[in-house]
Amino acid sequence: MSQTEKLYEGKAKILYSTEVPEILLTVYKDDATAFNAQKKGQIKGKGEMNCQITAALFEWLASVGIPTHYIDSPQPNQMRVKAVTIVPVEVVVRNIAAGSLCRQTGLPEGQVLPSPLVEYYYKSDELGDPLLTRDRIFLLDLVTPERLVEIENMARQINKNLQKFFDQCNITLVDFKLEFGIDTQQNLLLADEISPDTCRLWDKNETDPQSRVMDKDRFRKDLGEVESAYQQVQQRVLAQFKK
Ligand code: TMP
């Protein structure tokens with residue numbers, strides 16, 4: 001499928017229209033950013049790796065009943081997706097304390113949470129994706145209360161399934177960020193990506209707090225060996241489908 005007009009270029013992906021209005025083409029880039037693009041770099045091969053990891057996880061999630069915008073992957077770094085209106089709320093699910101949760105609450109990194117925490121952030125680069133409250137979501141009219149319930153339920157369902165999946169890869173799913181879209185029939189679909197860019201993934205074979213990191217924290221914190229960590233995630237994820 002040939003790409004036509006460039007609709008949007010984000011930090012890690014470019015979105016194109018196609019000859020079919022209901023289908024868009026996402027091209028994954030090697031570009032990496034952190035701290036709202038204050039830190040910029042490249043992770044060699046990331047575009048292909050994140051695209052293939054996302055494709056595998058979206059196909060698998062669809063098989064367990066989670067509707068996604070994913071159609072297929074015509075090239076290793078390209079994904080055909082259903083056109084959706086993206087909900088301007090980023091949903092973060094946390095199983096273990098890390099990152100901004102530790103910075104903002106003082107919880108020690110690595111503390112297992114008594115139950116998964118679901119948080120909402122305003123998808124706005126301009127404002128630096130601030131943490132939202134329920135009341136702020138409705139004040140800004142970002143989604144309806146009914147839709148928010150549906151989003152939370154789907155996010156928790158995705159977490160349960162992904163935790164199980166990554167466990168089989170010998171990886172701990174610490175936390176991750178999801179985005180949702182609404183199609184022309186008003187269906188809620190999981191959208192965007194699930195990859196080492198958008199998850200915290202810790203290697204169960206490692207106990208050292210730096211060696212265990214298999215995700216974008218290696219880039220954010222200059223831990224080195226970023227490419228090989230992403231490759232390791234890709235290998236372990238794809239190996240699940242060869243069993
Ligand atoms: P945080 O601890 O920095 O709030 O991140 C929580 C999760 O969300 C973590 O898995 C990384 C992911 N994330 C993104 O995908 N995009 C972002 O812009 C940020 C800040 C976090």
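What you see is a predicted model, and the numbers here were worked out from it, not measured in a lab. Note that ligands are numbered from 1 as they come in the structure, with each ligand's atoms numbered from 1 the same way.
Residue contact annotation: R94 has a non-hydrogen atom under 4.0 Å from ligand 1. Within the structure, ligand 1 has D197 among the residues with a heavy atom less than 4.0 angstrom away. Using a 4.0 Å heavy-atom cutoff, E179 is absent from the residues neighbouring ligand 1.
Salt bridge annotation for D72-R80: present, with a cationic side-chain nitrogen under 4.0 angstrom from a carboxylate oxygen. Using a cutoff of 4.0 Å between basic side-chain nitrogens and carboxylate oxygens, R200 and E109 are not scored as salt-bridged.
Taking every heavy atom of C199 and a limit of under 4.0 angstrom, the matching atoms of ligand 1 come to 10 (O). The ligand atoms of ligand 1 that sit less than 4.0 angstrom from a heavy atom of F176 are 10 (O). Within ligand 1, counting atoms from 1 as listed, the ones closer than 4.0 Å to a heavy atom of G99 are 2 (O).
Residue contacts with ligand 1 for S100 involve both N, CA, C or O and side-chain atoms from C-beta outward (heavy atoms, distance under 4.0 Å). With a heavy-atom cut-off of 4.0 Å, V92 touches ligand 1 through its side chain alone.
Here the side chain of R236 pairs a donor or acceptor atom with the backbone of C169 at under 3.5 angstrom.
When hydrogens are left out, the protein atom nearest atom 10 (O) of ligand 1 is D175 OD1, 2.5 Å; that is the closest non-hydrogen contact. The nearest heavy-atom contact from the protein to atom 18 (O) of ligand 1 is D129 OD2, 4.1 Å. Considering only non-hydrogen protein atoms, atom 15 (O) of ligand 1 sits nearest to K177 CE, 3.2 Å. Here the protein heavy atom with the shortest distance to atom 5 (O) of ligand 1 is R200 NH1, 3.5 Å. For atom 11 (C) of ligand 1, the closest non-hydrogen atom on the protein side is R220 NH2, 3.6 Å. From the protein, the heavy atom lying nearest to atom 17 (C) of ligand 1 is E90 OE1, 4.7 Å.
No donor-acceptor contact under 3.5 angstrom links the side chains of R218 and S228, judged on distance only. S195 and T54 are not linked by any side-chain donor-acceptor pair at a separation below 3.5 angstrom, with hydrogens and angles left out of the test.
Legend: residues meeting side-chain hydrogen bond (donor to acceptor under 3.5 Å, both in side chains) with K177, ordered by chain and number and at least two apart, are E179, D192.
Shown here, atom 20 (C) of ligand 1 is out of close reach of the protein: none of its heavy atoms lies under 4.0 Å off.
Screening residues 41-52 for salt bridge (charged side-chain N to carboxylate O under 4.0 Å, His left out), with sequence neighbours left out, gives K46-D197.
Applying the side-chain contact (heavy atoms from CB on, under 4.5 Å) test between V87 and each of V91, T85, V84, V89 identifies V89 as the sole match.
Taking the six-membered ring where tryptophan is involved, the planes of Y70 and F58 are perpendicular, since the angle between them exceeds 60° and thus also 30°.
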Steps toward side chain to side chain donor-acceptor pair (under 3.5 Å) verdict (N159, N95):
CA-CA 9 Å; N159 182 46; N95 298 305; 2.9 Å; yes
